[in-house]
2 protein chains.
Amino acid sequence: MHDLDDSLLAHLPPFSLLSGEDIRDILNQSRTRLVPRGASVFREGDNATTFYLLLDGYVRVERLTQDGDRVIPLHIPPGQLFGIAAALGKETYPATAVAASDCVALEWPMRLWTKFADTYPGFATETYKIVGARLEEVSRRVMELATQRVEQRVACALLTIANQSGKQTASGLQIEFPLTRREISEMTGSTLHTVSRLLSVWQTDGVLVSQNKRICVLDIARLKKLAHAANVA
Amino acid sequence: MHDLDDSLLAHLPPFSLLSGEDIRDILNQSRTRLVPRGASVFREGDNATTFYLLLDGYVRVERLTQDGDRVIPLHIPPGQLFGIAAALGKETYPATAVAASDCVALEWPMRLWTKFADTYPGFATETYKIVGARLEEVSRRVMELATQRVEQRVACALLTIANQSGKQTASGLQIEFPLTRREISEMTGSTLHTVSRLLSVWQTDGVLVSQNKRICVLDIARLKKLAHAANVA
DNA sequence: GTCAAAGTTTGTGGAAACGCAAACTTGCCT
DNA sequence: AGGCAAGTTTGCGTTTCCACAAACTTTGAC
């Protein structure tokens with residue numbers, strides 16, 4: 001069925017406690033889904049019929065306010081489950097998932113989630129660790145939004161993404177998916193104008209380079225300073 | 001052991017699917033804990049040795065930023081489990097829990113959480129619904145902080161609390177625990193000064209009455225308008 | 001290669017909300 | 001009852017950052 005290498009999954013949290021046989025079993029019930037950049041995997045409010053494991057690429061989680069403003073609470077890096085509404089007793093997806101870059105994901109019918117959780121020891125536990133981490137991240141964002149200035153929030157957001165999904169290159173830490181000023185503003189509760197101004201300054205200061213939606217952090221230490229103590233610097 | 005009425009628990013989410021016998025079983029392993037207003041149940045970073053069910057009163061969840069600013073992401077109403085770090089695979093509590101009013105809680109050693117989840121069908125599921133709802137609420141707060149002005153955020157915060165924990169009285173919807181301007185500002189990412197000004201205006205407009213940390217909402221409809229469309233009003 | 005669409009940069013004014021400060025009220029403890 | 005601590009109100013100057021606007025650049029489609 002699947003020519004996917006089992007060992008590819010073996011080290012991922014939800015499967016790390018399972019035997020090779022169990023993993024193969026789970027894999028055999030999955031389907032592969034390719035999602036081109038910009039396409040949505042599912043939308044907020046849709047019936048939650050499927051859950052996913054992101055193999056490659058990055059997924060952007062979006063929500064719309066009543067006024068039509070878009071907010072991006074977090075990004076999902078490869079190797080994580082997402083769309084696991086059933087694990088939280090939800091019938092519909094609480095947010096929209098959009099491919100931030102071309103994505104490869106495995107998908108299963110949602111009813112299998114319960115089965116997997118019951119059948120395979122550790123599957124549920126490991127999944128809930130992801131939920132916990134996500135709750136932690138969203139909660140951290142609340143703190144940032146509540147106490148920090150825009151400059152610090154933008155620096156924080158870039159740091160988080162660079163750490164989570166940055167690729168070390170010769171010149172610096174490259175963020176692996178395209179990221180527009182607008183998107184950064186939607187992550188930080190700001191405007192694309194303000195973000196543009198900030199990035200311009202940072203670029204001339206040599207903290208980062210940005211072109212064609214690609215951002216490369218040159219000076220992590222400096223960015224950290226901006227994130228935490230712009231007032232002190 | 002416990003002269004608590006089982007039926008008191010029978011309708012609460014984590015127990016709603018259990019038999020009377022199972023509930024009695026769980027109750028027999030619990031201890032009662034009284035927490036006076038202002039005291040903390042546990043602190044951020046503490047070893048997560050115990051989980052709780054809030055029977056009466058309200059618990060305020062607090063976190064401290066690196067700069068020493070306090071943030072209040074949510075309040076826990078009676079009937080909910082809290083401190084369930086184990087359910088999210090955490091070894092330590094991710095936040096501090098403080099009694100917003102005098103509280104009565106049941107407590108269990110954390111290791112029993114896993115046992116209950118394994119033994120009693122529905123216990124885990126129902127717990128995770130609470131986690132889901134909490135994730136939802138924190139995420140909604142991110143949206144508010146990212147897109148709304150202070151006035152709307154404060155109105156939202158009061159609405160949420162009034163709906164969640166308001167008691168209908170002759171004059172209006174009374175918030176059942178003391179709430180200072182400072183606390184409201186820590187919930188909304190604002191300052192006590194700004195909150196004070198807002199409440200003053202609202203009081204003279206007859207939207208609410210506030211004295212001695214007690215807030216009573218007189219005109220819910222008007223507060224809703226302020227929450228969502230202060231610009232339209 | 002051309003054109004439209006999408007994204008970025010930059011300027012200017014203005015409003016929202018903070019920071020500081022000082023007076024005032026209320027509740028609580030001894 | 002008095003005094004202290006905690007909470008509130010209000011004024012004023014200042015900063016941050018948004019809103020509007022307009023030019024510019026880049027990308028991708030045909």
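None of these values were measured; they are calculated from a predicted model. Below, chain A is the first sequence line, B the second, and so on; all start at residue 1.
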**Study point:** Candidates D:dC18, D:dT8, C:dG19 - which lies nearest the side chain of B:Arg197
**Key:** C:dG19
**Study point:** Whole-Å gap separating C1' (D:dG7) and CD (B:Glu183)
**Key:** 11 Å
Practice item. Would you mind telling me which of B:Leu74, B:Ile175, B:Ile184 makes a side chain to side chain contact (heavy atoms under 4.5 Å, CB included) with B:Ile161? Key: B:Ile175
Point to revise | Whole-Å distance separating the CD1 atom of B:Ile184 from the C1' atom of D:dG7 | key: 12 Å
Practice item. Report the nucleotide, chosen from D:dC18, C:dT8, D:dA21, that has the shortest atom-to-atom distance to any side-chain atom of A:Thr194. Key: D:dC18
Exercise for review: Select from A:Gly189 and A:His193 the residue whose nearest nucleotide in DNA chain D is closer to the 5' end of that strand.
Suggested key: A:Gly189
Check your understanding: Does C:dC18 have OP1 or OP2 sitting under 4.0 Å from an N or O in the side chain of B:Thr191?
Key -> yes
Exercise for review: Determine the interplanar angle of the B:Phe177 and B:Tyr58 rings, folded into 0 to 90°, and report it as parallel if under 30°, tilted if 30 to 60°, perpendicular if over 60°.
Suggested key: tilted
Check your understanding: Quick one: CZ on A:Arg140 to CG on A:Leu145, what's the gap to the nearest 0.5 Å?
Key -> 11.0 Å
Exercise for review: Kindly assign one of parallel, tilted or perpendicular to the pair A:Trp108 and A:Phe51, based on the angle between their ring planes and the thresholds 30° and 60°.
Suggested key: parallel
Practice item. Calculate the interatomic distance between B:Arg149 atom CZ and C:dA15 atom C1'; express it in whole Å. Key: 8 Å
Check your understanding: Phosphate oxygens OP1/OP2 of C:dC18: is one of them under 4.0 Å from a side-chain N or O of B:Ser190?
Key -> yes
**Study point:** Rounded distance (Å) that lies between atom C1' of C:dA6 and atom CG of A:Leu192
**Key:** 11 Å
Check your understanding: Given atom CD of A:Gln148 and atom P of D:dT16, what is their separation to the nearest angstrom?
Key -> 15 Å
Exercise for review: In whole angstrom, give the distance that lies between atom CZ of A:Arg181 and atom P of C:dG7.
Suggested key: 12 Å
Practice item. Look at the side chain of A:Val150 and decide which nucleotide, out of D:dC17, C:dT9, D:dT9, has an atom nearest to it. Key: D:dC17
Point to revise | D:dT9 phosphate, OP1 or OP2, under 4.0 Å from B:Ser196 side-chain N/O | key: yes
Point to revise | Atom-to-atom span, CG of B:Asn212 to P of D:dA6 - whole angstrom | key: 16 Å
Practice item. May I ask you to check whether over 12 heavy atoms, not counting those of B:Gln168, lie within 6.0 Å of atom CD? Key: yes
Review point. Taking atom P of D:dT25 as reference, at what distance in whole Å does atom CZ of A:Arg182 sit?
Key: 21 Å
Review point. In terms of side-chain heavy atoms of A:Thr180, which of D:dC17, C:dT8, D:dA19 is nearest?
Key: C:dT8
